[in-house]
Participant: 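Can you keep this structure in mind? I'll have questions shortly.
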Amino acid sequence: MTQFFPEHIYLEQEAADLPLARQVIERCPGVPVEVVASAKELIAGLQQQREDAVRGKNKLLLCCNRGRFLDACPGTQIYRCCGYAVLTPGAGCPLDCTYCVLQAYLNNPLITLYANQQDMLGELEAAPELVSGAIRRIGTGEFMDSMALEHLTDFASFVLPFFRSRPGLILELKTKTVLVEPLLKLDHGGSYIISWSLNTAAIVAAEEHGATGLAERIAAAKQVIACGYRVAFHFDPMIYHDGWEQGYRAVVEMLAENIPPESIAWVSIGALRFMPQLKGIAQRRFPGTRIYTGEFLPGFDGKMRYLQDIRLEMFKKMAGWFQDLLPGVFAYFCMENELSWNRSFGYFPPTNAALKELLDRRVKL
Amino acid sequence: MGISTTGSTIRLDAVDFQDTAFIVTFGRACGGLVSSIQEAGLINPPVLAAQPGKPTYRIVCGFLRVQALRQLGFAEFPVRLIQPGPSDAEMLALALHDNTGHRAFNPVEQAGAAARLLKYLPEAEIIAGWLSLLGLPPTMKALDCCLRIEGIEHELKQALAAGALSVHSAAELALLPPADRLALYGLFAAVHLSASKQAEVIESCCDIARRDGATITRIVQSAEIQTILSAPNPNLTQKGEQVRAWLRRCRFPRVTRREERFEALAKKLPHAGGVRLLPPPSFEGGAYRVEISFSRPESLAGAARTVQALADDSRLRELLEDGQ
């Protein structure tokens, strides 16, 4: 993907003098900047407009975050959750995946960056879970692509001193881009894990609009490994489609051929699941997509999930391929139940804390 | 707004019934008004406006009253004539206020009113200023729903106004190509389905069509559905259920096969004495349940023996491991 530059910038008055806001505006020469008194009121107004008109993926909002920057991943107790923490320097993404949960999850249609970065650092410094070591893994890829706006924000270099000062704490930067150039020159000291979402070539081509191809993602992973980073991969969402078996196997083979297993911190696996309202929103936005015509039923968390048999069919294959082709690489499920774990991996972490511990141990390696 | 009118009398054949610019009334009979006018005369004269450059008049307020007068054979009738000056937008507003004060709009009337307002006002003004008056939430979603409904065929509007078609279903049908829309409407007219079941049928048909690259018309006209519809015996509600069941099998082939396998295996297992084996909801996870119904201690004891027999039955393992 090429670097994203917005066509229009909304600048919240209160953020106007903050360094990040000034930097982003400087790096977007010629882009009109509209100062607004309140981001909240702007968003409320946009919500009154037709969805297609505002969710254009071409408008950027620079504002202040008045809520928390650091929070627990919105998992549930019903399915096994890894106890990840989510850092939110912004929300929204210039990529446009048909399965993206943000289409239904966020009420803000603008790609948003929070300019009050000092407040974020202050929150990180003071967070008791970080002081105590209860949180070992933080990621920024929950509500945005971690690298898609890096050329505007320099986020990775901005927060690096904090993470370098906290041995045993890592930041995972999750992306579908190859925009890793800013990472290559950082003296990261192992504080970052760079991860890629992966899918079959067919899904990448049809459903991940604006994202880079598989081979390019793997090549980017090799680039960062050469600079001493560990990497991670996320097969999430796995999508049951024609040719899924050959498609996913081919991706695992690509990893095995290109990525040294010892560089892989972890691999997560999860099947497509979504809030019921996402289907209508996504199908209106992407009339050609067929991914929501799978056999989905309501899960215990209220999200639509593939019939368990279908998930097991995919998971067992995937677990087997990893066992065969990348033995020793730690793979886990994101939000799955005991049956999926036992039938695919042959064990089930008895508690969320147990799964968290398994992953936290990988941080120290 | 202050539109001034004067009393007058005009001939009924001078009324332009083709001009519906201010008429949102839909699906309402004027029978009651006919009786009322016969008994008490015309109490409130309709409001009309002269058509510029023509000898005819447009109805602004009181469409049903003029219809009733026509049915009663009046040659002329008293009116309030709008003095020259007001714009069409102002006269439309007058017509709508005349109605909002004393009756609720049906969904077709809401849609018609919103669509007519859109000729004169920006969307934001309609949402903020008019939708609540029309009985709708002041949102873009509600306005869009109105505009979709305004575009559907007359027969679908009639079904909507009569309550035979839900607003949700009508708005969903409006998104489909006309042939598919009419095919589904034809199906709804041939069976009895509640609003939620209509919505389910629309969603199933849309999903199957999208998945299989077929048209909804082809699905509705499939031999299976046509066989259900042409069968002489079941009533319309039963036919509706049969259509739903067939669509569900098409939409969820693995789920329905799984359900059928469960039913078949469960039937072979001990199930006497008020004991019922239940699968996990949505077949999610591996936790099956046993439901016991009893009214006396003896029947509970009998049920306990059935549960033990169930646990001891080797076929139970086959059922529990199905699909895993």
Side-chain angles (χ1 to χ4, degrees), chain A residues 44-54 78-80 98 109 240-242 271 273 276-277 279-284 286-313 315-316 335-344 348, chain B residues 122-129 131 137-145 147-148 168 171-172 174-177 199 202-214 248-259 261-262 279-288 320-324:
Chain A
L46 292 172
Q47 283 166 352
Q48 286 300 319
Q49 293 183 29
R50 206 161 272 115
E51 187 183 314
D52 297 348
V54 292
I78 303 162
Y79 295 95
R80 198 54 82 233
T98 58
Y240 194 78
H241 60 288
D242 288 343
R273 55 206 178 276
Q277 62 268 35
K279 179 183 173 186
I281 293 169
Q283 289 191 155
R284 274 196 297 280
F286 304 102
T289 187
R290 292 183 179 184
I291 63 172
Y292 297 97
T293 65
E295 295 196 51
F296 295 98
L297 297 173
F300 295 138
D301 54 359
K303 289 182 182 170
M304 303 303 290
R305 292 170 168 261
Y306 284 116
L307 175 68
Q308 175 96 57
D309 306 15
I310 296 173
R311 302 209 306 277
L312 283 178
E313 187 185 341
F315 292 160
K316 284 195 285 190
M335 303 306 290
E336 265 304 333
N337 59 26
E338 182 174 359
L339 191 60
S340 295
W341 276 89
N342 278 330
R343 298 290 172 189
S344 308
F348 176 55
Chain B
E123 289 177 336
E125 208 171 310
I126 296 170
I127 291 168
L131 292 191
T139 63
M140 179 61 78
K141 194 176 169 188
L143 178 61
D144 276 342
C145 182
L147 300 180
R148 279 149 66 180
H168 175 82
E172 289 299 308
L175 293 171
L176 302 176
I202 293 171
E203 185 175 5
S204 292
C205 287
C206 289
D207 284 348
I208 295 166
R210 185 187 286 262
R211 182 191 66 195
D212 299 347
R248 190 165 185 276
R249 272 199 299 280
C250 290
R251 173 65 185 86
F252 296 103
R254 283 183 68 159
V255 172
T256 47
R257 281 202 301 273
R258 184 83 158 83
E259 289 166 345
R261 280 202 311 274
F262 171 80
S282 303
F283 290 99
E284 178 73 14
Y288 285 71
L320 296 179
E321 291 182 353
D322 186 33
Q324 297 180 19

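All chains are named by letter (A, B, ...) in the order of the sequence lines, taking the proteins before the strands, and each is independently numbered beginning at 1. Every value quoted in this text rests on a predicted model; they were computed, and no experiment measured them.
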Participant: Side chain from CB out, backbone as N, CA, C, O: work out which of these in A/Ser340 comes under 4.5 Å of a heavy atom of chain B, or both, or neither.
Facilitator: neither

Participant: Do the side chains of A/Glu295 and B/Arg211 get close enough for a salt bridge, i.e. N-O under 4.0 angstrom?
Facilitator: no

Participant: Which region of B/Arg258, side chain (C-beta onward) or backbone (N, CA, C, O), has a non-hydrogen atom less than 4.5 Å from a non-hydrogen atom of chain A, or is it both or neither?
Facilitator: side chain

Participant: Using non-hydrogen atoms only, which part of A/Tyr79 is less than 4.5 Å away from chain B: side chain, backbone, both, or neither?
Facilitator: side chain

Participant: Nearest 0.5 Å please: distance from the CZ atom of B/Arg251 over to the OG1 atom of A/Thr293.
Facilitator: 6.0 Å

Participant: Is the closest basic N to carboxylate O distance between A/Asp309 and B/Arg254 below 4.0 Å?
Facilitator: no

Participant: Between B/Glu259 and B/Arg249, is there a side-chain N and carboxylate O pair less than 4.0 Å apart?
Facilitator: no

Participant: Let me know if A/Ile291 has heavy atoms under 4.5 Å from chain B in its side chain, its backbone, both or neither.
Facilitator: neither

Participant: Of the backbone (N, CA, C, O) and the side chain (C-beta and beyond), which part of B/Pro138 lies under 4.5 Å from a heavy atom of chain A, both, or neither?
Facilitator: backbone

Participant: Do NZ/NE/NH1/NH2 and the carboxylate oxygens of B/Arg148 and B/Glu172 come within less than 4.0 Å?
Facilitator: yes

Participant: For A/Glu313, is it the side chain, the backbone, both or neither that has a heavy atom under 4.5 Å from a heavy atom of chain B?
Facilitator: side chain

